[in-house]
Amino acid sequence: MSSLLPRFLRHLLPAAFLCAVTLAHPQARPAEKLPALVLHCVPSQNPAPSGSDVRILATVENTAGRGLSFSYLVTSGKILGTGSSVLFQWTDDEQAQVQITCRVHDDLGRSAQQVFTLSSSDNKGDTRGVQHKKKAAPPPLEGPSGGSGPPPPPPPPPPTIAPPETVAPQPQKPAIAAFPWPPPQASSRVLLAAWPLGPQMSTFGDIDSRLSAALQPKGYAERSYYSVPGGFALVTRLEQIYSDGRPMPPPARFSAQLLPPSRFLDYIHALFTAAPGYYRVIVFIATDQPFTEAGTGPSQGQADNWIHNGVDILPPDIAGRPLTSSVRCAALIYEFRQSNASSTEKAELIPGIDAVLNLSNAGLWQALK
Amino acid sequence: MATASQPVNPRSADPQSIALETVQYRLAILWFVGSALVFVLVIYQSLAGVYADRVQDVWKWLLPTLMPTLTMIVTVAAANAFKSGASAIIVRKTFYRIAFGLSACYLGLILFVLLSLPAFHRMVSDQIESLHTSNLWIGPLQGIVASALGVLFASKKTPSGE
């Protein structure tokens, strides 16, 4: 026994361990091909009055939680700020249109680009065109009597000047959906107490910018906006998290299914403990109205649909609304637990961990508080 | 010539042979240690709730894969315990190595299947399905291993061939 046991341990145990490590290590599997980035750059208004600032919001799909870098090129004017939400400022009042190039790339080497034209709504070019055409127009025809007859008929109405082709058509104003009000019962919530008292915040758009600036680097590229009484709600996509609130690494993070662990420690955890799935949706509500929560919480399916039913940018009429001293921003956490016993079991809303810990482990608290 | 009534040292008689008792002892050690590893793992997983409400399905799969061989080993060991003196029965080392290798592969395969479950499936229902699927390759190997061990643990052949 004393001589056989070490021999056995020498041969069988290392082999079994190697098998387990090989299986569990993500590099042992074929690398999953990540989809290409998809960039959407949307100005807050187009056409926009010359001299006014135009907010440009860039959203990226298929980020896989990777760090993103944004860059902007303009043929005129200047870009203020960095990241996914920037301000465009006109520098030449005579400029009728500006071509803006948005680019994004991540640390995996993927990149995307979108070019669009921002037009001035002052129609200075049109005015010049009209004046020019008026000057070039032939003099009104006189009657055959040479002015001695009855007064000439009134001149025909001036010809309608078609807008120049370069002016982008007015985009249809998206109808923003209303978030359930009062909001459904959440797992936890926290009032971002220092908000929106910062000196740099004057409109709801500024709140959105700050939220977006905090969310974007942490992989929350997909967001939806809803209207709420006295403000707006920003909803993040349903994400899979650990029980302590840390987001799962991609591709499991934004997968609705419970995927096998991709990291060795997660594998060991799944080998020796029950491994239910935890999901989370964060809803930021900026409003001047005090609110309570409704009696029942949402199902996971309902919370998952919030990202699809909202609009992708904050509409200008809400973004431009000035802040009052009563406006506050709260974060509501909806946390769900999905049993791993069977895929047919429904996920249930759970109390979960408190909102501050949730936001901290999501990497948002430092940027938001 | 060695006979059953005149025990000889099998090692000195033929360097290509090995005493059957030694073979049985080594195989028993391999099987008990390997099975203990598997049982400890599954017992812990059962207590920790890894398999949720499908614990019975896991044990239904596991017990038929190990218990027949373990039972045979214990039975033969118990029968030998009542015999006096050293047995002169020998076996070819080649066959002993084959039997030992097959046993090690079989036990390793069972451990491998259990360890690989969470690596490939997160849902317990999928894991149980994988266990049933693994019978496709574990079953034939179990038959071969059982044949090899059956010969070794039931062999009565002596060096003289009597």
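Below, each value reflects all heavy atoms present in this structure, side chains not excepted, and no hydrogens, waters or symmetry copies. Chain A is the first sequence line, chain B the second, and so forth, proteins listed ahead of strands; every chain is numbered from 1.
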Stacked cation flag A/Arg253 on A/Tyr220, 6.0 angstrom / 45 deg = yes
key: Under 4.5 Å from any heavy atom of chain B - which part of A/Leu259   = backbone
ask   = Would you call A/Glu239 and A/Arg280 a salt bridge, taking side-chain N to carboxylate O under 4.0 Å as the test?
value = yes
ask   = So, for A/Ser243 and A/Ile353, which heavy atoms are closest and what is the spacing to 0.1 Å?
value = O-CG2, 3.9 Å
request  = Below 4.5 Å from any heavy atom of chain A, which atoms of B/Ala52 appear? Answer side chain, backbone, both or neither.
outcome  = side chain
Under 4.5 Å from any heavy atom of chain A - which part of B/Leu41 = side chain
query = Strictly under 6.0 Å, is that where the ring centroids of A/Tyr242 and A/Tyr278 end up?
reply = no
